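Working notes for the structure below.
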Amino acid sequence: MGAAGGEVTGSAYVVEADSARVLVDAGLFQGGHDAEARNRIPITETNGINAVLLTHAHLDHTGRVPLLIKAGYSGPIYATAPTVDLAEIVLKDSAKLQTQDAERMNRKRHDKGEPAVEPLYTVEHVEPFRGMTRQVRLHEAVPVAKGITARWFEAGHMLGSGSIELTAGGKTVVFSGDLGPITFPILREYERPTKADLVFLESTYGDRDHQPYAQTIAQFETIVTEVAAQRGKILVPTFAIGRAQQIIYHLAILFHEGRVKRFPIYLDSPMALEAMKVFARYPDLYDEDLLRLKKSGLAPLDPQWFTPSVTAEDSKKLNDVQGACVILAGAGMCNGGRILHHLKANLWKPETHVMIVGFQSDGSLGRRLVNGEKLVRIHGEEVEVKAAIHTLNGFSAHAGQTDLLNWFAPLANRKPTVALTHGENPQRNALAAKLRERFGISPRLPELSEVVEL
Ligand code: ZN
């Protein structure tokens, strides 16, 4: 069994039974040239893979599926229905970015007299995706390949996300996939598989718990109230799927309950707008709070709560909006996308508020704002920062340490082999120590391409 480890991105696991081989996730490595080079290495002999199984739609779990297709893979791809819908959006966007990246690289290479490179993949390699998928329901045992059965359990991390339990030759392997915190709104709490001989457990936040969610929401309300009174603008750099819906959800509740006088929400992201439609399609996956709100007449993800901004023209017009408003736009780390235009147009105004609701990597514009830099460069121009920069840490869609340990608890009885993945080493080491302390289990910390035998 092959395992990806020691990296936050690029999940992909090959499970090999006597009779068949399946691939669980096929994620893209993200960040830096090193990652780019690794994406270009073939995941595996595609002709030896009988099925691909996806835990959820995020790019770091699905982004190399088009590469498999490009390499000739034509077998089935198993995923929940929302994962298929969201992955299609994610992969099309990725293909577009890959094409743009290659064009940019080739302009430089051309100047240096170097031969052109091909994009990693293009939209042509995403087109067959939907036709290759087989939609699965949670809890249903699905024969995915000869001698291998799979079941998906709610993972509470994004719409459609699941942990996967694989059974082959009397052995059971569980992949946690990415797990959500149990306080995450909109989605149901993760479910806990109860039986495994081998467990792959994510460890993104294996070293800590997040700030309590209620505290984050209180902080959020304070900022929103202040901005409404000041008639300022809130800019929220956000990823298109998950965080954008989460912010709209909380704003709609504040407006509906009359806690803050309603002001416009501009969703300035075609991809987030597409994702919004997918969220509307699967009310059967909503958590109890959202179902209760719906019953009481409040549908916080309903289009009535936000104004779509589709074209670049729509986006530019937002510069002229007067009065309090919130603009949600990508990219989440301010390293590209429409948010840059809004930041450039508004950072110098003291009535602007920037709400940082997600992780900002080192060197990103988002990180420089968080660090309190007073002069930043956007599109080659220096912009003074007079806006208030708020960092809200509790919006994560990843389970913190306590939630990870609680998810694992029912599996501990049989003393399974545990492999910690999807975290950097300090996070994995911290979670490993807790698993030893609480369950007497010493997990493995697999490296990329390492094999775990059962
Ligand atoms: Zn994820």
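We count residues from 1, following the sequence as given. This structure is a prediction, so every number in the text was calculated from the model and none was measured.
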Between Gln211 and Asn393, do the side chains contain a donor N or O and an acceptor N or O under 3.5 Å apart? no

State whether the number of non-hydrogen atoms from other residues, nucleotides or ligands found under 6.0 Å of Arg438 atom CZ is greater than 12. yes

Mutual orientation of the aromatic rings belonging to His56 and His157 [parallel < 30°, tilted 30-60°, perpendicular > 60°]: perpendicular

Does the side chain of Phe220 reach to within under 4.5 Å of the side chain of His250, using non-hydrogen atoms? yes

Kindly write out the residues that satisfy ring pair (Phe, Tyr, Trp, His ring centres under 6.0 Å) with Tyr266, not counting sequence neighbours, or none if the list is empty. none

Within 6.0 Å of CD in Glu288, more than 12 heavy atoms from elsewhere: no

Mind checking what makes salt bridge (Lys or Arg N to Asp or Glu O under 4.0 Å) contact with Glu381, not counting sequence neighbours? Lys344

Of Asp284, Leu285, Val278, the one forming a side chain to side chain contact (heavy atoms under 4.5 Å, CB included) with Arg281 is Val278

In Å, rounded to the nearest 0.5 Å, how long is the span from CG of Leu67 to CG of Leu91? 10.5 Å

With sequence neighbours left out, the residues meeting side chain to side chain contact (heavy atoms under 4.5 Å, CB included) with Ala275 are Leu86, Ile241, Gln245

Got a sec: does the CZ of Arg262 have more than 12 other heavy atoms crowding it under 6.0 Å? yes

Over 12 non-hydrogen atoms of neighbours within 6.0 angstrom of CD in Glu140: yes

More than 12 heavy atoms of other groups within 6.0 Å of Lys261 NZ: no

For the residue pair His341 and His379, does the interplanar ring angle fall in the parallel (under 30°), tilted (30 to 60°) or perpendicular (over 60°) class? tilted

Given Phe408, which partner from the list Tyr190, Phe439, Phe200 fulfils the ring-ring contact (aromatic ring centres under 6.0 Å, His included) test? Phe439

Quick one: do the Tyr13 and Thr421 side chains pair a donor with an acceptor below 3.5 Å? yes

Using the side chain to side chain contact (heavy atoms under 4.5 Å, CB included) rule, pick out the option among Leu28, Leu23, Ile77 that qualifies with Val65. Ile77

Does one side chain, of Asp25 or Ser11, offer a donor that lies under 3.5 Å from an acceptor on the other? no

Does a sphere of radius 6.0 Å around CD in Glu384 hold more than 12 heavy atoms from other residues, nucleotides or ligands, not counting ones at 6.0 Å or beyond? no

Is there a donor in the side chain of Ser94 and an acceptor in the side chain of Tyr121, or the other way round, less than 3.5 Å apart? yes

Under a 4.5 Å cut-off applied to non-hydrogen side-chain atoms, are Val142 and Arg151 in contact? no

Could you tell me if the side chain of Leu53 sits less than 4.5 Å from the side chain of Leu166, heavy atoms only? yes

Is the distance between the ring centroids of Phe263 and Phe255 under 6.0 Å? yes

For Tyr282 and Asp85, which I'm curious about, is there any donor-acceptor pair between the side chains at under 3.5 Å? yes

Whether the Asp178 and His61 side chains hold a donor-acceptor pair (N or O, under 3.5 Å, no angle test) is what I'd like checked. yes

Look at the rings of His256 and Trp305 and say which category their plane angle falls in: under 30° parallel, 30 to 60° tilted, over 60° perpendicular. perpendicular

Under a 3.5 Å threshold, yes or no: a donor from one side chain and an acceptor from the other, between Arg368 and Asn371? no

